[in-house]
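On a predicted model such as this, the values are computed, not experimentally measured, just so you know. Just so you know, these numbers use all the heavy atoms, side chains as well, and skip hydrogens, waters and symmetry mates. Each chain gets a letter, A, B and so on, in the order the sequences are listed, and its residues count up from 1.
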There are 8 protein chains.
Amino acid sequence: MPDPLDGIAEIDFDRGARRGYPEAVLCASKTAEQVGLIAQRHKAWHAESGAQWPTLFTRCSPEHLRAIIEVLPDAAVDQTARLAAWPAQPPAPTGERVLVVCAGTSDLPVAREALLTSRYLGRETDLVVDVGVAGLHRILNRRDQLDSAGVVIVCAGMEGALASVVAGLVSCPVVAVPTSVGYGASFDGLAALLSMMNACAPGVGVVNIDNGYGAGHLAAQIAAPRRTAQ
Amino acid sequence: MPDPLDGIAEIDFDRGARRGYPEAVLCASKTAEQVGLIAQRHKAWHAESGAQWPTLFTRCSPEHLRAIIEVLPDAAVDQTARLAAWPAQPPAPTGERVLVVCAGTSDLPVAREALLTSRYLGRETDLVVDVGVAGLHRILNRRDQLDSAGVVIVCAGMEGALASVVAGLVSCPVVAVPTSVGYGASFDGLAALLSMMNACAPGVGVVNIDNGYGAGHLAAQIAAPRRTAQ
Amino acid sequence: MPDPLDGIAEIDFDRGARRGYPEAVLCASKTAEQVGLIAQRHKAWHAESGAQWPTLFTRCSPEHLRAIIEVLPDAAVDQTARLAAWPAQPPAPTGERVLVVCAGTSDLPVAREALLTSRYLGRETDLVVDVGVAGLHRILNRRDQLDSAGVVIVCAGMEGALASVVAGLVSCPVVAVPTSVGYGASFDGLAALLSMMNACAPGVGVVNIDNGYGAGHLAAQIAAPRRTAQ
Amino acid sequence: MPDPLDGIAEIDFDRGARRGYPEAVLCASKTAEQVGLIAQRHKAWHAESGAQWPTLFTRCSPEHLRAIIEVLPDAAVDQTARLAAWPAQPPAPTGERVLVVCAGTSDLPVAREALLTSRYLGRETDLVVDVGVAGLHRILNRRDQLDSAGVVIVCAGMEGALASVVAGLVSCPVVAVPTSVGYGASFDGLAALLSMMNACAPGVGVVNIDNGYGAGHLAAQIAAPRRTAQ
Amino acid sequence: MPDPLDGIAEIDFDRGARRGYPEAVLCASKTAEQVGLIAQRHKAWHAESGAQWPTLFTRCSPEHLRAIIEVLPDAAVDQTARLAAWPAQPPAPTGERVLVVCAGTSDLPVAREALLTSRYLGRETDLVVDVGVAGLHRILNRRDQLDSAGVVIVCAGMEGALASVVAGLVSCPVVAVPTSVGYGASFDGLAALLSMMNACAPGVGVVNIDNGYGAGHLAAQIAAPRRTAQ
Amino acid sequence: MPDPLDGIAEIDFDRGARRGYPEAVLCASKTAEQVGLIAQRHKAWHAESGAQWPTLFTRCSPEHLRAIIEVLPDAAVDQTARLAAWPAQPPAPTGERVLVVCAGTSDLPVAREALLTSRYLGRETDLVVDVGVAGLHRILNRRDQLDSAGVVIVCAGMEGALASVVAGLVSCPVVAVPTSVGYGASFDGLAALLSMMNACAPGVGVVNIDNGYGAGHLAAQIAAPRRTAQ
Amino acid sequence: MPDPLDGIAEIDFDRGARRGYPEAVLCASKTAEQVGLIAQRHKAWHAESGAQWPTLFTRCSPEHLRAIIEVLPDAAVDQTARLAAWPAQPPAPTGERVLVVCAGTSDLPVAREALLTSRYLGRETDLVVDVGVAGLHRILNRRDQLDSAGVVIVCAGMEGALASVVAGLVSCPVVAVPTSVGYGASFDGLAALLSMMNACAPGVGVVNIDNGYGAGHLAAQIAAPRRTAQ
Amino acid sequence: MPDPLDGIAEIDFDRGARRGYPEAVLCASKTAEQVGLIAQRHKAWHAESGAQWPTLFTRCSPEHLRAIIEVLPDAAVDQTARLAAWPAQPPAPTGERVLVVCAGTSDLPVAREALLTSRYLGRETDLVVDVGVAGLHRILNRRDQLDSAGVVIVCAGMEGALASVVAGLVSCPVVAVPTSVGYGASFDGLAALLSMMNACAPGVGVVNIDNGYGAGHLAAQIAAPRRTAQ
């Protein structure tokens with residue numbers, strides 16, 4: 001029987017073994033039908049290979065989520081993050097703690113996508129919300145959480161100043177995610193992106209606008225347990 | 001005798017009376033010869049009219065400064081700010097205090113242009129240098145100066161985050177000047193400009209990149225004595 | 001009982017005391033449910049603290065307005081400005097007058113947002129509509145209103161020339177708001193923004209595209225009563 | 001003998017007959033040697049053909065001018081406009097008057113290039129300098145000149161608002177030339193270009209930044225004598 | 001009774017007398033209700049003043065058209081051009097002929113808006129469709145129409161090359177209208193706009209993207225009867 | 001009877017004879033009615049002229065497809081590629097093989113449009129899907145297919161790195177199609193476009209974003225049989 | 001002895017064998033010293049390997065050329081193209097003819113770089129200069145040369161319309177090179193680049209601005225002899 | 001005696017204690033005199049405090065280097081990296097290895113700045129040069145070096161594809177530095193920046209264009225010894 005994914009997708013199941021982190025499924029520009037087929041393939045592959053890593057489905061529309069649940073009814077779903085994970089249970093955390101900080105309530109979808117990605121890649125995670133620099137005391141009151149993190153993810157739209165401010169306060173690396181929150185001359189996240197690229201405090205690595213998945217992945221790599229004794 | 005400025009410039013001497021603030025001479029795209037002729041005209045007009053307001057010459061190259069000094073040997077000159085003023089004596093200060101804050105040493109030319117403009121338009125001025133957000137304690141240590149100002153001018157390049165941070169700390173208006181300090185994705189001040197336009201703290205009015213003169217002028221207007229009893 | 005806003009928002013109730021102006025609620029990228037929860041929190045806080053300042057809800061969709069009215073049935077609502085205020089009664093005006101001028105009928109939503117913000121922050125306000133520079137006599141006929149203002153807010157889309165023209169006519173500061181009115185090479189307000197940044201008349205502070213709230217806030221600060229005798 | 005221009009240029013001598021206006025020589029990106037060769041070719045062609053139209057050399061550097069003068073010692077040269085014309089005598093003017101208006105002294109090179117182009121293509125020309133909108137009375141005082149023109153060329157940098165203002169005052173067409181005068185967010189004339197493209201007053205045709213030649217050519221065509229009785 | 005347009009619009013009825021061309025109503029960013037009110041005002045003003053010029057309503061959505069027809073049932077409507085005119089009868093044509101040329105079928109809405117604007121401002125008009133440069137013979141076959149025009153309006157999207165080609169063929173002025181036809185790197189008309197600004201053939205004045213009205217207005221001015229004997 | 005396409009379209013039926021490749025119908029910005037009329041015209045012309053080349057209809061919405069099928073019920077339709085062809089049978093392939101390679105599942109619509117265009121212009125075609133550079137082994141495993149192609153079309157969004165990588169592996173020309181797949185700073189395909197323009201491996205020609213038709217056309221020309229013996 | 005190129009360059013000598021075309025040396029951002037070392041390495045490698053392909057040095061400043069000539073005194077140098085080749089003798093031409101067409105004299109450096117690259121990669125080449133679309137007869141007079149080419153390279157700055165026009169005239173592929181010739185809104189070649197990306201005639205592949213080398217390389221590949229009998 | 005740095009700089013000597021990494025001196029937009037004064041201050045502070053961390057001076061012009069050497073004659077200087085360090089001895093390396101990979105010879109200044117920054121912040125470093133994706137075997141041959149690194153810094157200009165390719169090969173984090181190497185549509189590094197932001201392989205954090213210092217700093221933080229046992 002011909003494979004219904006032929007000429008459609010060539011899944012990189014090997015990536016977990018090769019890079020230590022499995023491939024995720026970016027649903028945004030796929031049809032619900034394609035996502036359903038890919039979910040079936042992952043289900044079969046987990047059965048065959050006994051793989052332990054959960055598969056993440058990101059940027060899921062409600063239609064995508066329905067197609068996933070039909071195939072994998074016990075998947076975990078986070079509506080805010082537009083994310084599904086299967087199997088639902090994240091691995092036991094290792095390495096250092098990933099702290100996700102976001103400037104405003106509107107940055108939550110990106111922040112939660114970052115947090116869940118890090119968690120499903122095996123890190124302990126923590127979330128701090130709505131600590132934009134317009135009220136500086138809010139982030140200054142979180143010094144303890146900042147100091148105990150192995151990496152901080154900063155999600156901010158508008159002028160994205162929170163990334164510079166946080167990087168000036170901590171010794172660990174900062175992963176900065178510009179978000180498309182804002183209007184007018186925020187140009188859908190471009191202002192925050194440029195701001196973060198030009199952060200006057202060193203120690204900031206920037207990912208794409210609204211790329212919570214990429215931020216969570218990079219943070220999980222940074223906070224991973226050392227492979228070698230030091 | 002034909003006027004040598006005919007077909008070259010039509011000076012708006014009337015602006016001081018009309019707007020309360022005199023016209024300045026932007027030298028940047030004029031020849032040294034044109035600037036010299038304009039300086040002579042101002043000299044003559046002060047003599048005729050008894051005008052008191054000093055004339056400012058901004059964005060002066062060394063050639064421009066030489067042409068000005070030749071005509072007005074007692075002009076005040078600030079090399080860092082690339083600015084000349086004649087007569088050299090600023091008016092006695094009235095209204096509220098203008099505080100100029102800049103993020104780094106490299107922002108000094110713009111900061112001093114802003115400061116001198118406000119001073120020559122009749123305000124008391126103060127300067128705080130090198131208080132970028134990478135070391136947040138530096139600006140937090142200046143709370144007294146911030147609180148006593150009637151308006152704060154913030155000059156910053158790179159990501160321009162200082163404008164948001166200052167606006168979140170004060171109750172008075174903030175005039176934000178993006179500077180072209182930076183490189184790469186700062187795009188000659190564009191990153192700072194967009195950042196300041198999107199400041200998450202309200203109370204920020206933005207002027208053009210490196211426009212110290214415009215910032216100083218706007219701040220002088222904001223801090224002007226009230227025309228009417230309140 | 002856990003707070004339903006935990007992990008969602010951390011309201012800066014303290015801002016009124018700290019900066020003299022309370023935090024507003026930008027609804028645009030929040031869900032109606034989140035806005036409803038925030039409205040309840042403000043209601044409770046006013047009851048507890050006896051705070052007098054009205055809370056503003058800006059960029060409200062019809063869904064946002066419904067959620068607000070359900071919690072605060074006596075809120076004031078302006079459909080054009082997409083704004084709600086509670087308590088509905090603005091403070092008695094102090095300081096100088098804020099004059100809002102807009103170039104065309106289509107700029108009204110932004111102009112009214114600016115006007116209401118200034119009014120709810122305690123200023124007397126006035127509105128002049130549809131005085132674009134294509135018919136220059138329209139703004140020239142308003143010299144008296146311009147002269148009696150403590151600050152002028154200019155809202156204009158397309159080429160935004162009205163900001164330069166008004167700044168050349170008045171001695172008070174001008175707050176310029178580029179609007180997204182226009183098409184094609186207006187690039188959703190970018191043309192007006194750049195135009196206002198480059199105004200040949202000094203005395204113009206620019207805020208973000210369509211940022212009526214920011215303009216009204218800045219103008220209210222500029223026109224505030226002096227804290228000290230002069 | 002091989003033609004030294006072979007593989008370098010193919011001059012469109014026929015354009016005068018075909019379009020009614022001869023081809024000009026844009027020197028800016030040619031070497032001085034190439035310009036000298038082209039000048040010789042024009043000299044020969046005038047001798048052969050008895051052509052009457054002067055040839056214009058535009059955007060001439062001092063080196064270009066020297067190369068031209070060596071070949072055509074009686075050429076007319078305008079240093080400000082960076083333009084040479086040969087033969088030096090413009091044609092007797094026909095059609096309507098071309099009025100060139102510029103916002104500031106720094107726009108003069110572009111304004112004079114426009115004016116001389118129109119004059120050498122056979123129009124009567126007039127020049128009004130330094131009438132930017134920051135002092136609106138300056139342009140309002142020129143209503144008579146504006147009313148008697150068949151076309152107005154407006155040269156302005158910075159925010160370019162003068163084009164809208166002039167178009168709102170006259171019934172004839174306006175040719176708008178954005179200039180690169182300005183700094184920062186003028187982006188070398190882009191702000192003025194966008195402003196002029198979005199002029200709220202209809203009747204404005206825009207040419208390239210600093211394109212005085214193109215403006216003068218278009219204006220000469222607009223103001224040309226009617227080919228047919230009306 | 002208070003005027004329902006108070007605080008909404010200030011119609012420049014005087015513009016016909018002042019500039020020779022009446023103000024049009026740009027409906028795009030107005031509500032249908034506002035457009036209906038403005039239509040009533042125009043109806044009343046025509047009755048009072050006996051004005052002869054038709055009023056144009058541009059960029060009309062179906063809702064706008066319904067509101068106009070309700071007030072002015074005998075208005076002329078062109079669905080393709082999204083334009084209404086009242087009174088429906090254009091003036092008897094004077095001056096020279098306006099030729100509208102468009103590159104493709106998809107440029108028709110803009111081309112017809114341009115054509116009707118010129119016609120309602122009193123010019124004879126003609127239309128040539130689908131003559132893009134990919135098949136150069138199509139425009140070369142129209143040399144007679146090109147030669148008999150007093151001005152040519154070129155509407156083109158994508159790379160907008162037709163403007164240069166036409167300008168190289170005619171002696172009259174060309175008004176170029178970039179259209180938003182295209183995709184990808186056409187950036188909604190920006191590619192065509194830049195192309196037209198850089199036309200290697202002089203004699204091209206550019207208006208805003210999709211600005212058929214502006215092109216028709218400018219062309220009508222260019223082709224107007226001479227006010228003075230020549 | 002008047003031609004219903006008069007004033008709407010002027011079809012270039014001659015192009016097949018002139019260029020060797022017939023004109024296609026870009027439906028995207030035409031109405032379904034216009035597309036139906038054009039389909040009828042093509043049907044009639046095939047009957048009259050006995051032309052053999054199939055006509056392609058590209059960028060078809062479902063409405064466009066319905067209008068085409070009503071006129072040409074035996075047309076071939078590819079939903080993914082949004083393309084119809086009539087007559088349905090492609091010509092017998094000549095020349096070299098066209099290989100279409102795409103980086104991800106989401107690039108399929110563009111890839112299939114390219115493939116079908118080449119096939120209907122007379123080339124043998126082959127497709128390789130989902131071989132993005134994140135798993136480099138996927139493309140390296142396809143060396144045989146790459147080596148046997150006469151031209152490779154690479155479709156990729158996001159950072160578009162696949163074009164450089166493929167060009168470094170093959171000796172034949174590469175046609176690169178940036179796609180709008182991605183989000184945030186991909187700016188709807190701009191990032192991939194710039195990436196492909198700057199490919200460090202020579203041998204890459206770039207077409208417009210999402211322009212599968214253009215890529216397929218260019219590839220068919222490159223892989224065409226030689227007209228002359230070598 | 002340590003290799004002086006260690007840590008500086010790793011030359012891909014294998015590329016000729018792998019891709020059929022050797023690696024060239026882009027000098028632009030290398031020091032003259034580095035270029036000299038690389039030239040020595042190529043000299044040694046030719047001696048060792050008996051390689052026949054000439055090495056091209058592109059974007060050479062006068063300093064680069066001096067360093068090359070010192071090592072390879074018999075290299076061929078083209079000052080206009082800023083290119084050196086060693087050994088100086090190009091291979092005997094095979095495949096089809098490459099025709100290079102440029103719009104103006106100022107495009108010559110890019111055009112000659114393209115031509116010489118194709119010639120040194122083994123193609124017969126021809127050059128047509130100064131045939132911009134402002135005088136359309138110039139390119140129409142070259143139909144024979146266009147028809148006999150296997151590929152046409154079009155070099156054009158400003159609005160780049162020549163690419164569309166040529167592609168509409170020929171059946172072979174067109175390689176389009178935008179040049180940075182122009183000023184103002186040409187944005188250093190961006191206008192021509194966008195224009196060429198949006199060419200309404202299919203069959204155009206675009207390379208980077210001023211990338212004569214890349215165009216010549218791609219054209220040489222397109223015009224290469226077929227590897228297989230057809 | 002007044003401090004000559006008053007009103008010029010406020011050095012954040014405390015940063016080493018606060019963040020674990022000392023402040024560096026960005027010389028690019030400072031005068032040589034200012035840099036000399038700052039060097040003296042650092043010298044004095046090392047003497048007073050017994051601080052061990054070397055101070056880095058980045059983006060040094062020859063003038064800056066002279067001013068530094070005059071004050072600190074035993075400083076280490078790297079001409080290629082435009083960097084000085086004092087004291088010259090880097091700390092004994094701890095943590096994991098930082099591998100710097102660059103695509104071409106022209107990226108060396110940025111690559112060496114990154115490498116030296118990591119080394120002076122206490123990491124073991126390694127360098128791989130000229131392994132661009134046009135010859136993919138070059139990077140594939142370095143798998144061992146890639147696998148043994150704790151973090152990889154990728155420096156690449158042009159299309160920046162190397163970042164994606166490397167991230168797809170390794171399990172450790174990648175710090176990507178776009179460089180301004182390239183021309184035309186590379187837009188001084190913008191193409192590489194966008195490419196790296198959109199890398200299809202997760203695990204990439206991007207810093208500013210040419211920001212070798214920032215990359216080296218971030219990498220040093222990522223590769224730092226764990227503060228806590230795991």
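Within residues 30-39 of chain G, the residues having any heavy atom closer than 4.5 Å to a heavy atom of chain H are G:K30, G:Q34, listed by residue number.
Applying the salt bridge (charged side-chain N to carboxylate O under 4.0 Å, His left out) definition to pairs two or more places apart or across chains, those involving residues 34-55 of chain G are G:D3-G:R41.
The choice from G:N211, G:L26, G:I11 that makes the most heavy-atom pairs within less than 4.5 Å of chain H is G:N211. Note: H:L108 leads H:L127, H:D107, H:V128, H:L108 in heavy-atom pairs under 4.5 Å with chain G.
Scanning both residues, H:A185 and G:N208, for their nearest heavy atoms gives N-OD1, 2.7 Å. Here the closest non-hydrogen pair linking H:V129 and G:A9 is CG1-N, 4.2 Å. Nearest heavy-atom pair across G:R15 and H:G135 is NH2-N, 4.4 Å.
Within the model, atoms CG of G:D188 and OH of H:Y183 stand 14.5 Å from one another, a figure rounded to the nearest 0.5 Å.
The closest donor-acceptor contact from the side chain of G:D210 to the backbone of H:G184 lies at 3.5 Å or more, if one exists at all. Between the H:D130 side chain and the G:E10 main chain, a donor and an acceptor come within less than 3.5 Å of each other.
In this structure, chain H has heavy atoms under 4.5 Å from both the backbone and the side chain of G:I8. Residue G:R19 does not touch chain H at all, counting heavy-atom pairs closer than 4.5 Å. In this structure, no portion of H:A111 lies under 4.5 Å from any heavy atom of chain G.
Within a 6.0 Å radius of CD in G:Q79, other residues, nucleotides and ligands contribute 12 heavy atoms or fewer.
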